[in-house]
Amino acid sequence: MRLSSSSNEEVTRYSPQTSDNDKRVVVAPATTQTKIKLSIQNVNAWFGKKHAVKGVSLEVKENSVTAFIGPSGCGKTTLLRCINRMHEMTPNAKAEGRVILDGVDVYDKSSDPAMVKRRIGMVFQKPNPFPTMSIHDNVAAGLKLNGIRDKKLINEVVEQSLKGAALWDEVRNDLHMPGMGLSGGQQQRLCLARALAMQPEILLMDEPTSALDPIASSKIEDLVQQLKEHLTIIIVTHNMQQAARVSEQTAFMYLGELIEYNPTRDIFKNPQKELTEKYISGRFG
Amino acid sequence: MTSGSVHINTDIKKKVSSFLVGSNKNRRFGDKLFHGLVFGTAAYTLFIIVIVVFSVGAGSIKIFSQEGFIGFVTGTAWNAVEGRESYGALPYIIGTLMSSGIALLIGVPMSMGVAYFLVEMAPSRVSGPLSFIIELLAAVPSIIYGLWALFVFRFLIKDWIETPLYNTLGSYIPFFNQAPFGLDVFTAGIVLAIMIIPIVSSISRDVMKAVPDSQREAAYSLGATRWETSRMAVFPYGKSGLLGASILGFGRAVGETMLVTLIIGNAIGPSAIPTTLFSQSQTLSSLIANEFNEASSDLQLSALIGLGAVLLIITMIINIGARIMVSRMVKVSPGGRE
């Protein structure tokens, strides 16, 4: 998908490099070779006795979009939630395996689950802005949480993040208004901005458009295309057309197992497994 | 599907139709009756408040015309001797607010802690039984707490809390400078706190439980720890409900009678103004309970009803204040509904 020039400008302004205080090394998108950003190795997950994810391994390239598809209950959301250690926050839930982010296992004993989530942002199925906070405070929530008190910096990041989520023009004069006053699609972009404000390296999106109308959905899809220049995106979706439109790699899951993981083009044009072929042609699921 | 596979029995159709087009009279009557009954029950509440306000007002006219409303509310004397009768409610207003205030200061944080533990920390095999015990405690009649406090607990409070406080702080801070006796405003406040903790924690638990997990996950996803998640997502989301629970507890403490009568020391007149934490005092409701039987003159009776009027006004102010606070919060709050 080609970017329009105006949105290109937004992307440049979003870029984390513009912030002096950001000491993190930012890889310039176009010039570097694609490296493996995330490696999922033999991940298993349970809800109580239910084995929801069964020994899944896959690798995700930096600055790419990876889609997890599959019928309801196939474990794609659970797998996504294992990546940032969100799964284990659910009572009775358990996860095992290795998730290597830049060479370090996020499940290592020395790794702090809260720190993992600061590097791996998440957008949820239903928009969940904090209802008592204004638009500005919603976006700034993560920064304040992590001890950033510099008002000027916070304002800069809020603006940048809202631009990154293509929401700035709609709310620039209403930053003090409650986040719940926005429409569903705007709320979801607000949640995206909230995640972007943390300058995540990876963004997990759990069916981010399933509660939205088609126009709001296509806005989110456009954003995914623009944002991958700066971070690595993994998106869970029910909608196969969406997976085909936005992703480079697609993982098809069924009953907790990874059935096929290939370039999206191949999955949809030339699936290797019969099950994949059946699913994408709509014969089950 | 081949045609004819759905067979309609015309006889049945006729029978059913005869019901559908028949008279609706009986059903409409039932509807009206129901409306009438429900309206009656609603009107009843209005009727009761009018009667209560009227009789309390009528009963206290005498004392208000004698002392003046302001004079009664700010007066400190309580003299029932014929010819020198003089009544003022100030000591008991202070006693009421102070004992309830202590109850709130101790009880609300405790209740929030209990509720927080039950909802956010305890595994279900702990929180289930514990919740049940709290519900049981909430159902214990307050007089039981009162008796227990009178015969057991007040000695513990005196020996373990009041005396050490008096010995260490008494000579520096006037507020602690009174040899403790165990039957005083402080003990009353603590026992009131014990009384309100079960109900306040039980409601607060329901409020925190109602906070959707998506809110917690939003905070977690920003790298919040467990406590930060509560501060960011749980408490703000539930704050109007938590405030409501606290106000309910305060209301209970303000109106509580027998328990307080047993343990507050029942001082009368200017000496009932709690100048220290360990003063004997009196609340509006405990004085009514103490004196109503022996009220010797019409004016004294009217003064007691006047105390009731003041109590009614205080609880109304608290309730209205709470409503205003809650409605202000709800504007920016859950669901975004107006």
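Residue numbers begin at 1 in each chain, while the letters A, B, ... track the order of the sequences.
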Problem set entry | Straight-line distance of B:Ser221 OG to A:Met89 CE, nearest 0.5 Å | 11.0 Å
State, with a plain yes or no, whether a side-chain heavy atom of [X] is found less than 4.5 Å away from one of [Y].
X: A:Arg194; Y: B:Leu222; result: yes
X: B:Tyr220; Y: A:Pro113; result: no
X: B:Glu217; Y: A:Met86; result: yes
X: A:Pro131; Y: B:Tyr237; result: yes

For this session: Quick one: closest heavy-atom pair of A:Ala114 and B:Ala224, and the distance?
Result: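 That would be CB-O, 4.3 Å.
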For this session: Taking all heavy atoms of B:Met232 and all of A:Leu145, pick out the closest pair and write down the distance.
Result: SD-CD1, 3.9 Å
Check the surroundings of atom [atom1] in [X]: do more than 12 heavy atoms from other residues, nucleotides or ligands lie under 6.0 Å from it?
X: B:Leu136; atom1: CG; answer: yes
X: A:Asp102; atom1: CG; answer: yes
X: B:Ile49; atom1: CD1; answer: no

For this session: Side chain from CB out, backbone as N, CA, C, O: work out which of these in A:Asp112 comes under 4.5 Å of a heavy atom of chain B, or both, or neither.
Result: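 For A:Asp112, there is no contact with chain B at all, as no heavy atom is under 4.5 Å.
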For this session: Taking A:Asn128 for its side chain and B:Ser214 for its backbone only, find out whether a donor-acceptor pair lies under 3.5 Å.
Result: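 Side chain of A:Asn128 to backbone of B:Ser214: a pair is present.
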Problem set entry | Residue, of A:Ala141, A:Gly121, A:Pro91, that accumulates the most heavy atom pairs under 4.5 Å with chain B | A:Ala141
For this session: For each of A:Gln125, A:Lys117, A:Lys126, tally heavy-atom pairs with chain B at distances under 4.5 Å, and name the one with the top tally.
Result: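 Most heavy-atom pairs under 4.5 Å with chain B: A:Lys117.
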Exercise. With chain A, which of B:Arg231, B:Arg226, B:Glu228, B:Arg216 has the greatest number of heavy-atom pairs at distances under 4.5 Å?
Worked result: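 If we count pairs closer than 4.5 Å to chain A, B:Glu228 comes out on top.
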